[in-house]
Amino acid sequence: MPKKVNKISRSLLSWYDREARDLPWRKFGKDKQDPYKVWISEIMLQQTTVSAVIPYFNAFIKKWPTNKELSQASLSEIQRAWSGLGYYSRARNLFECSIIINSRFNNNFPESEKELLKLPGIGAYTAAAISAIAFNNRSVVIDGNIKRVISRLFLLKKPIKSNYNEIWRFTNLVTPDIRVGDFVQALMDLGSQICKPSKPLCESCPLILECDARKNNVELLIPKRIKKNTKPIRNGSAFVIKNNDCVLIYKRKTKGLLAGLDSFPTFGWDNQNDERLNFLKSLNTNKKISNIKHEFTHFTLNMEIYIIDESIAKNLNINIPDDFRWIPIESIENLSFSSLMMKIYKSYLNG
DNA sequence: AAAGCGTGGCG
DNA sequence: TCGCCAAGCTT
C-alpha cells in the first residue's frame, strides 16, 4: 500500500506539471499564492463550474484587488457583482468574512484549517482547501471530485454520501507532505477533466495502473449513485409595474431564497409570505405578457408575467410600501438581480 | 441530519 | 426535453 500511495502522488504531480489548467486564481512554481484570491475563488467555485466562475472572478478582483478594499465595500455592491452567479448567501457571508479578516486579522488570512473553519461561508472543504492551496499545509481536502477519484482508486463501494470517514482515511493516505496545494488541485483537475462521473477518460489517466475500479472494470459503477426524487412544480406571478419610465423594485427578505436581492414584485411561489407584497392582490391581472419557466435546484417555477402600466396603476387604490423604489428602466442593470429577475426583465422588453 | 439554497451547460 | 451535474455551507 505505501508503494501504491507514493506512486499516486508522484504520478499525479507530474501529470499536473504537464496538464494543469492556467486558471486566473492559480500560481505556479515559486510564485506566491495570494490567500485573498484563493479564498474568493474557492467561495465562487462552491457548486459552480469553472467556466461560470472565471468572468465573475476577474471582474471581482479588478474591482476589489485586496481584502481591505472589499471590506470597505457595501453589501449591495457585492451582491451586484454576484448577480447571476447563484447561491447568494455566499455573497453575504463573503462580505461578513471580509470584515472579520480586516478588523480582527489586519487583512491577513489565518493559516490554520481550524481558524479558517470559524469564518462565515467557510466549511470543511473550503477551510482545508485554503489551508493547502494558499499556505501549503498538509490538510486533507475533500470535494466532489476527490470523493469520486478516491472511491475509484480504492474501489470504495459505498455511496459517497454516506462514506465520508472512509474517503477521508484514503485521502489522508495519499496526501503527500510536500506540494500539498498542487496535489489537491491536481486531484480536482483530474476529477473534472479525466475521472469524470459518466465518461471517464481512463486511457488518458496518469493513475490508470493504480486504479482498483479500473482493474475490476467497474469505474462506471463507482461511486454508486442514488436517484433523486422528481422536482415539484411551483407557480407564481411577477409584476412589471410602470410609472414614468420607471419600474417598481423591492429588496427581498434577508433570509431564504434569493435573500436580500433586488426583485420585481412577485407573488405565490417562494413561501416568503412577505406582507409588503399584499397590495399585489388588488392588481388587475388581465394583462399577461408571457410565461417563464425557471429551474431551481429543488423546484421548477412557472412564472406568469404581468405588466401594470401607469394608466392602470393610477386608477387603482393601492398602497405601495415605502421601502419600494421606482427605478429608471435604463439603470436596471445596476441592480442585484437574480437570473430569474433578468429573465423576467428580458421577457418584458420583448413583450 | 436532511433540506434549502441558483444557475447554465450538457447528453 | 429534461434530469444531472459543478471546487458546499448553513441550519
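Letters go in sequence order (proteins before strands), and every chain restarts at 1.
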Nearest-nucleotide check on DNA chain C, D143(A) vs T300(A); residue mapping nearer the 5' end is T300(A)
Describe the nucleic acid contact of S338(A) in one word from base, sugar-phosphate, nothing, applying a heavy-atom distance below 4.0 Å. sugar-phosphate
Hey, does R252(A) reach any base, or is it just sugar-phosphate, or nothing, if we go heavy atoms under 4.0 Å? nothing
Does the pair D309(A)/K242(A) count as a salt bridge with the N-to-O cut at 4.0 Å? no
What is the distance, rounded to the nearest whole Å, between atom NZ of K343(A) and atom P of dT7(B)? 8 Å
R148(A) side chain near dC5(C) phosphate (N/O to OP1/OP2, under 4.0 Å): no
Base, sugar-phosphate or nothing for I146(A)? Non-hydrogen atoms, less than 4.0 Å. nothing
Side chain of P197(A), heavy atoms from C-beta onward: which of dC5(C), dC5(B), dG11(B) has the nearest atom to it? dC5(C)
Respond yes when some side-chain nitrogen or oxygen of S89(A) is under 4.0 Å from OP1 or OP2 of dC5(B), and no when none is. no
Starting at the 5' end of DNA chain C and moving along, which residue's nearest nucleotide shows up first, G121(A) or R21(A)? R21(A)
Counting any heavy atom closer than 4.0 Å, what does A124(A) reach on the DNA or RNA strands: base, sugar-phosphate only, or nothing? sugar-phosphate
How close or far is atom P of dT7(B) from atom CZ of R90(A), stated in whole angstroms? 11 Å
With P as the reference atom in both, quote the distance from dG6(B) to dT1(C) in angstrom, rounded to an integer. 25 Å
Rounded to whole angstrom units, what separation is found between the NE2 atom of H294(A) and the P atom of dG9(B)? 13 Å
With sugar-phosphate meaning primed atoms plus P, OP1 and OP2, does I133(A) contact a base, only sugar-phosphate, or nothing at under 4.0 Å between heavy atoms? nothing
Around atom NZ of K215(A), are there more than 12 heavy atoms from other residues, nucleotides or ligands closer than 6.0 Å? yes
Just checking L85(A): base, sugar-phosphate only, or nothing, at a heavy-atom cut-off of under 4.0 Å? base
Reckon S339(A) has a side-chain N or O less than 4.0 Å from the OP1 or OP2 of dG8(B)? yes
Check ion pair D270(A)-K253(A) (N to O, under 4.0 angstrom): no
Interatomic distance, L119(A) CG vs dT10(C) P [rounded to whole Å]: 10 Å
Report yes if at least one side-chain N or O of T49(A) is closer than 4.0 Å to OP1 or OP2 of dG8(B); otherwise report no. no
Give T48(A) one of three labels, base, sugar-phosphate or nothing, depending on what nucleic acid heavy atoms sit under 4.0 Å from its own. base
Side chain of L340(A), heavy atoms from C-beta onward: which of dG6(B), dT7(B), dC5(C) has the nearest atom to it? dT7(B)
Does a side-chain N or O of K293(A) approach OP1 or OP2 of dC2(C) to a distance below 4.0 Å, or not? yes
Between P of dA6(C) and CG of L23(A), the distance in whole Å: 17 Å
Any base atoms under 4.0 Å from R234(A), or only sugar-phosphate, or nothing? Heavy atoms, all strands. nothing
Taking 4.0 Å as the cut-off, does a side-chain nitrogen or oxygen of H298(A) come that near to OP1 or OP2 on dC5(B)? yes
What I want to check is whether the side chains of Y125(A) and E42(A) have a donor and an acceptor closer together than 3.5 Å. yes
Contact class for G84(A) (heavy atom, under 4.0 Å): base, sugar-phosphate, or nothing? sugar-phosphate
E295(A) atom CD is separated from dC2(C) atom P, nearest whole Å, by 8 Å
Shortest side-chain distance from K199(A), nucleotide among dC9(C), dG11(B), dG6(B): dG11(B)
Remember a base hit wins even if backbone is also touched, and classify W25(A) as base, sugar-phosphate or nothing at under 4.0 Å, heavy atoms. base
Assess whether a salt bridge exists between E219(A) and R214(A), defined as any Lys/Arg side-chain N lying under 4.0 Å from an Asp/Glu carboxylate O. yes
Within less than 4.0 Å of OP1 or OP2 of dG8(C), is there a side-chain N or O belonging to Q46(A)? no
Rounded distance in Å between the P positions of dC5(B) and dA6(C): 22 Å
Would you call R252(A)-D274(A) a salt bridge at under 4.0 Å N-O? no
Rounded distance (Å) that lies between atom P of dG6(B) and atom CG of L261(A): 8 Å
Regarding T126(A), tell me which of base, sugar-phosphate or nothing describes its non-hydrogen contacts under 4.0 Å with the strands shown. sugar-phosphate
Does the side chain of S76(A) pick up a donor-acceptor pair with the side chain of Q79(A) at under 3.5 Å? no
What is the distance, to the nearest angstrom, from the OH atom on Y88(A) to the P atom on dC5(B)? 14 Å
